[in-house]
Structures are given as C-alpha cells and as structure tokens.
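Report on one structure; see the data block that follows.
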Number of protein chains: 2
Amino acid sequence: MKSKITISEIAQKSGVSVSTVSRVLNNSPSVSPKKREKIQRIIDEYNYTPSVFARGMVNHTTRNIAVILPDITNPYFASLFQQVERFALQHQYATLMFNTMFVRGEQRPAEELTEADYYKIALEKQVDGVLILGGSMDKEDIPDEFLKALNQMHRQVPVVIVGSRVDGCDCLFVERNLKQGVTAIVHHFVALNHERIGFIGGEPGIRVTSARVEAFQQALSALGKRVDPRHVVLSDYYAQDGYSAMNQLLDMAGDADSNSQLPTAVVAINDMVALGAIRAMKDRGLQCPEHMAIASCDQFPSGEYSVPRLTSLDQHNEYLGRMAVLQLISAINGSEEEISINHTPELMIRESCGA
Amino acid sequence: MKSKITISEIAQKSGVSVSTVSRVLNNSPSVSPKKREKIQRIIDEYNYTPSVFARGMVNHTTRNIAVILPDITNPYFASLFQQVERFALQHQYATLMFNTMFVRGEQRPAEELTEADYYKIALEKQVDGVLILGGSMDKEDIPDEFLKALNQMHRQVPVVIVGSRVDGCDCLFVERNLKQGVTAIVHHFVALNHERIGFIGGEPGIRVTSARVEAFQQALSALGKRVDPRHVVLSDYYAQDGYSAMNQLLDMAGDADSNSQLPTAVVAINDMVALGAIRAMKDRGLQCPEHMAIASCDQFPSGEYSVPRLTSLDQHNEYLGRMAVLQLISAINGSEEEISINHTPELMIRESCGA
DNA sequence: TTGTAGGCGTTATCAC
DNA sequence: GTGATAACGCCTACAA
C-alpha cells in the first residue's frame, strides 16, 4: 500500500495552510476563488483523497452502512439488496453486506455466529446505519434478548428493518403490504371458479408466512368459503420446499376419503416454491394449470420464462429497497419520523393460474 | 450515536496505563496474567471495542475488502459472493459490495459511473483488498486506460480477479477452467449420437463466452465434426437471451434449404439461458429434450427442479469463492505468489440432455 | 512488565 | 479570508 499524500502536503504545494485546504475539501464558502482554484488543481494533480480514518476520528462517521440479510442467493433478497446498494451509493454511502445464512438452521457458518453477533460486528465496523432484511427479525416469537440487542444497537446507530413491525422494538420499519396481494390472488382464483384452494411453502412461525396464510384464510372466508386445513402445507422458501409441500398435498389423493378433495388451485409463497410444486406435479404425471392452478406471492426474475409462465405478485422490490435506504439516510441525518410508504403488490397474470 | 468508551477510560478503570490496555487488546505476551485478566474483565464489562478510526490511523487498515461485480441478481455472482463474504468474515474481514450493474449497457446507474469509478470509490474507502468478479475485466479488448486503472489500483492494494488472465495486468488471478466442462458436454452429446450441436447465449466479445465457444468448436472438430456457424447464436446471460437465441435458431427451420438442419442438441451458456430456450421451444410446440436436447455450462440453484430438469455443469462456486478470498488475504498479508487452484467443473446429468 | 509521549491526518475553534 | 492549534483514540518506540 503506497503511502498516500496528505492534506498538509497539498497545503504546502499550494502555498496555503491546511485549514484552507480543508475548507475547499468541504467546500466552505470562505475561500478566495483564486486560491480555491489553485488548491483544487493540486488536489486533482496528485489525485489526493482525504483519509477516511482521520475524517472518522473527528466526525465519527464512515459513510458506510451495513445490510444484514439471511441469504443473498435468494432472489428476493438479491433484488432488494441490489437496489439498496445502488441508492445508498447515490447518496455517497457504501454498503457492507452480511449474509447471516440462517436458512433452515443447517447452513449456519461453522463458527456458529448468531444474528446478534452480526449486529455486534456491524457496530464494530462503525457503520453509520444498519438495514435489516428478513431473518430472525421476522419470527413470531422474538426472544427478549434478541429484541434487546436490536434496541441497543438502535441506540447507537439508526436501524431500519424491512419487515413487519415488532412490539417493543424501537427500530424504524419499512413495511410491506403482505395481505393485499394474497387477497388479489384468492379473488382471481375464485373468479376462475376454483372451489378448493390451498397454500404451500413458507416457514411456519415466520410472520411473512403467517400473515399471508391469514390473509389467505380471511379472503376465502369473506367469500363464504372455508379452507381445508390439510390444504395448507408450510415448509420453507426454496424449490425443494415447494416440491415437498406439493408432494404432501398429492399424497392425500391416496386416501380414499379425500381423493376428490385435492385443491384445484394453490397459492405458493414465492416463485421458487411454485416451480418446485410444478416439478412435483410433473413427477406424478400432472399438469399445471390443467390439474392444479398455481399463483405465487413473490415474483422472481425469469418467472415469466418458465413452463408454464408463472402467475405471481410483483412486490416492487426496487421501490421497497429505495424507500428503505431513504428511511435509513434520513434517520442518519437526524430525522425521527418514519417515512410512510405506499407498497402495493401487483398481480401479474400469466399461465400457471390457468386464466 | 452514543459516544463510545475509549481506551484511556478502560485504562483508568483498570488502574493501568493505556499501553497496557493496548497490549492486552493486541494480545502482546508481556502483560502480567493478573493485570491482563482484570483489564479484560473491565473491557467486557463496558463492552469496549477499539475505534476503527484510531486504529486505521496508525496501521492503515480497515479490515474491509471490496467486492466489485456486475449484477448480484445473477445467481452465478450471488453464489460466488455468498461464499466470498462468508470466508472473508471468518478471517475477520467484512465485505463492501459494489454492484456495477454493467449489464446490457442499459442498466447503468443514472450517474453513469464507469467501472473505473468504482475502483476509485473502493480505494477511497480504504479497503485492504479488492476482489473483482466478472464485468468489463472479461472483455476481449480491454481499453488501455482501464488496464492502467487496474494496475494502478493494484499498486495501492492487492487486487484479485476471478476470471481469465489478462496480458499486461499485474493483478492476481483466480482462473476457472472454462474449456473442460464444455468438452465434457460435447462428448456427452456425441455419445448420445447427436450430429448437429449448437451453442446459445453468452455475450460476444466477452471471454467467458468466447473461450467456451472455442472449446465447443475444438471438441467437436477433434471428433471430426464440424460446426454450422448458424448454430452458434450468442446473445447474453439471461432467460430472455436464451429465449431470443433459441427463436433465432428455430427461425432457420423456415428456410426450405435449412429445414432439416436444425441442431438436435445445444449447449447453453447457463441455466437461465437454457430455461429461456426451453420456453421458446415450448412456444412453438417443441419439447426438450425430445426435439432438442439442452445442457448448460453453469448450474444455478433449483435447476434440478425445472421441467425438464437441467443437465448442467456444477462450477463449484463455493470452492472458487473460497480460493479467491484466500488469495486476496494472502496477498494482503504480503505474499506475492499466486495460489494455484484446481477447478474442475462437474457434469450433472439430468433430463434436458435426453440421457 | 509497565508507563510516557509522540504521531497518525483530519476538522473545528479560535485568533488575526 | 486565512492560519495556528487543539482535539479525536489508538499504537509503538523508548524509558524506566
């Protein structure tokens, strides 16, 4: 690492004091135009950039934010994160990303870091703010100690959580409208004359999932239909989980008394689950949507190129990511208020729903 | 941001000097056990962590690395990056991620940052090392000025590039074996008695693509077969590109004289392209693998749950990511030598190849 | 083994 | 409008 040029060297070469150089660096108005111009020339010539360390020492900021999420390999997080990184950079913030890998428990890193450990690491990195996407934050029962860690972190730096609000958590929230989209799917299915509708995928005990299941049941009972509890099969968020959930559903057909009771349509928690489910159907010689219609709650890229093309919800992740960053930055700048967002998932009707 | 406790306060509370505290912080041996223990207790009690700024001021390191890649939304980069982040953290390095979004030109961020701008930003962030995955680095003709930026960056901090070596670039490289996997696919197809084999997807002028196309042609001609140039349709790396490439291929069937000349098997640059191609076939009433077999060069998660299940190459990205980080860290620690890696893609035979 | 003191590169607060 | 100078929190000779 070549030792960098310092502000005092720039000052010398420009024949001024460090304070004056510092002034042009932070474009303070009180510098004479000619000096300013000369100094700037020298700065450019030597390709000087101020030391982040020295700067940090005095104003205690890094211009870095931390983003903590479970699994960047999951398209939902990837698309959200992409926007976050981009908009943060537009505001001169770089993004430190932490992948907690708390997916299905089994994938935990060897050292057994807990999510709270990640909070601690982020704090040690002296980031100016923390953005949390999903993860344990979204559990139905958040351990007190976890909540405490969160609140404590928020006392040090602003913390924005993309997810459902938690009682007793002081962090800022950017909430998705979890129910509206599901309701739209249900209405769509009912309009298509489906009588028995199921729900597959999503981890039980996680609020993204339970909120959607609840919306699913509410929408149905509002229409005077009831849900067969056997038609709700939760598992997790990946293709293999859609595969296993659909298999469990189809296994019911073996029982004589439930033979004719299979759902004719199912709501999948996301596109990957939908794909896995379609795979499971195919393995039993069943076609989607002919034998069973499917619509998913979370559109992933290229879902429109699958066979069949997936009907799903566009959650407008670009918008969400942008809003989350805006919220974080405004909090970093001292604002207390929560930005209210207008998040409306959009039903993209394609083939898998049979419309 | 609550003002943090400092080393001198810890020193006071422990009844020792700052140097002694500093010694236990950096576990220098010369501290008496009892003092060490007491100091450590106070450190823990007050949850003290040294200021990264002050530390950086003296040893000029951040314990941060930068990862620069084009598009985290692309599963290839996501899986690579996931491993990178994880292994870096195991070595106490946090990861600053930059998503250049240089995908298809059109997606460039509004401010029109070039990749060289990202290098500059990474440098300004004073990272200890830079990891570059794909991007302009992989172009066939790298502009001189770009190469210069790269070399200049490497003079400041170690730069590791995951990709094909570039003449005149001093950075460290972690190279994938681009050809071996393609050859395996070709051999597999030939063993399946395919006479006319095509290649779809991948951006022309990009070396991942051209190296594979070349390997494809070499493998074929080594077997005494020749490639119809019309059967090589390059486009890009996404589903829509597989879709358009396959359509272009199928359009040939319209020409009377080339009617029977369609390939009976194609190699796709990756799973997404393969999926798009299968979609295009379906739209014309064609089945994969019955009408045309497909195998891809880059396996993505859940490719085994698609219809048909995709035959593709497992590039062992976990291994690659780990090696890249190891290379970077060893360079940060002053090692000059390149780690030699043993990268061997593995053919995963599933359904789309028709085996 | 322990403590003292100088310096790392900025910004901010003063004088001028 | 400009220039000294004192922090900022840590590490590392150097002294003891």
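Here is the naming used below: chain letters follow the sequence lines, and residue numbers restart at 1 for every chain.
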Using the side chain to side chain contact (heavy atoms under 4.5 Å, CB included) rule, take B/F98 and B/V130 through it: C-alpha gap first, then chi angles, then the decisive distance, then the call. CA-CA 11 Å; B/F98 298 94; B/V130 177; over 6 Å; no
Is the distance from OP1 or OP2 of [N] to the nearest side-chain N or O of [X] less than 4.0 Å?
{"X": "A/S17", "N": "D/dG3", "result": "yes"}
{"X": "A/R55", "N": "C/dG9", "result": "no"}
{"X": "B/T20", "N": "C/dG3", "result": "yes"}
{"X": "B/K35", "N": "C/dT2", "result": "yes"}

Distance check needed: [N] [atom2] versus [X] [atom1], whole Å only.
{"X": "A/I10", "N": "C/dT11", "atom1": "CD1", "atom2": "P", "value": "13 Å"}
{"X": "B/R23", "N": "D/dT12", "atom1": "CZ", "atom2": "C1'", "value": "9 Å"}
{"X": "A/M57", "N": "D/dA6", "atom1": "CE", "atom2": "P", "value": "17 Å"}
{"X": "B/I7", "N": "C/dC8", "atom1": "CD1", "atom2": "P", "value": "19 Å"}
{"X": "A/E37", "N": "D/dG1", "atom1": "CD", "atom2": "P", "value": "17 Å"}
{"X": "A/N26", "N": "C/dT10", "atom1": "CG", "atom2": "P", "value": "11 Å"}
{"X": "A/K38", "N": "D/dT2", "atom1": "NZ", "atom2": "P", "value": "13 Å"}
{"X": "A/N59", "N": "D/dC8", "atom1": "CG", "atom2": "P", "value": "14 Å"}

Angle class for the A/Y119/A/F146 ring planes (parallel below 30°, perpendicular above 60°, tilted otherwise)?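 It falls in the tilted class, 30° to 60°.
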Nearest heavy atom decides the nucleotide; on that basis, is A/Y48 or B/R36 closer to the 5' end of DNA chain C?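 Counting from the 5' end, the first nearest nucleotide belongs to B/R36.
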Between A/F53 and B/P29, which has a closest nucleotide on DNA chain C that is more 5'?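 Closest to the 5' end, via its nearest nucleotide, is B/P29.
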Considering every strand and a 4.0 Å limit on heavy-atom distances, what is the contact class for [X]: base, sugar-phosphate, or nothing?
{"X": "B/S30", "result": "base"}
{"X": "B/S19", "result": "base"}
{"X": "B/S22", "result": "base"}

N/O donor-acceptor pair under 3.5 Å between B/H343 side chain and B/R176 backbone: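 Not confirmed, B/H343 side chain does not pair with B/R176 backbone.
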Any idea which of D/dT2, C/dT1, D/dC11 is nearest the B/S32 side chain?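 So the nucleotide nearest the side chain must be C/dT1.
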Would you indicate whether B/E124, at its atom CD, is surrounded by more than 12 heavy atoms from other residues, nucleotides or ligands within a distance under 6.0 Å?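 More than 12 within 6.0 Å, yes.
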What I want to check is whether the side chains of A/K4 and A/T49 have a donor and an acceptor closer together than 3.5 Å.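 A donor-acceptor contact under 3.5 Å links the two side chains.
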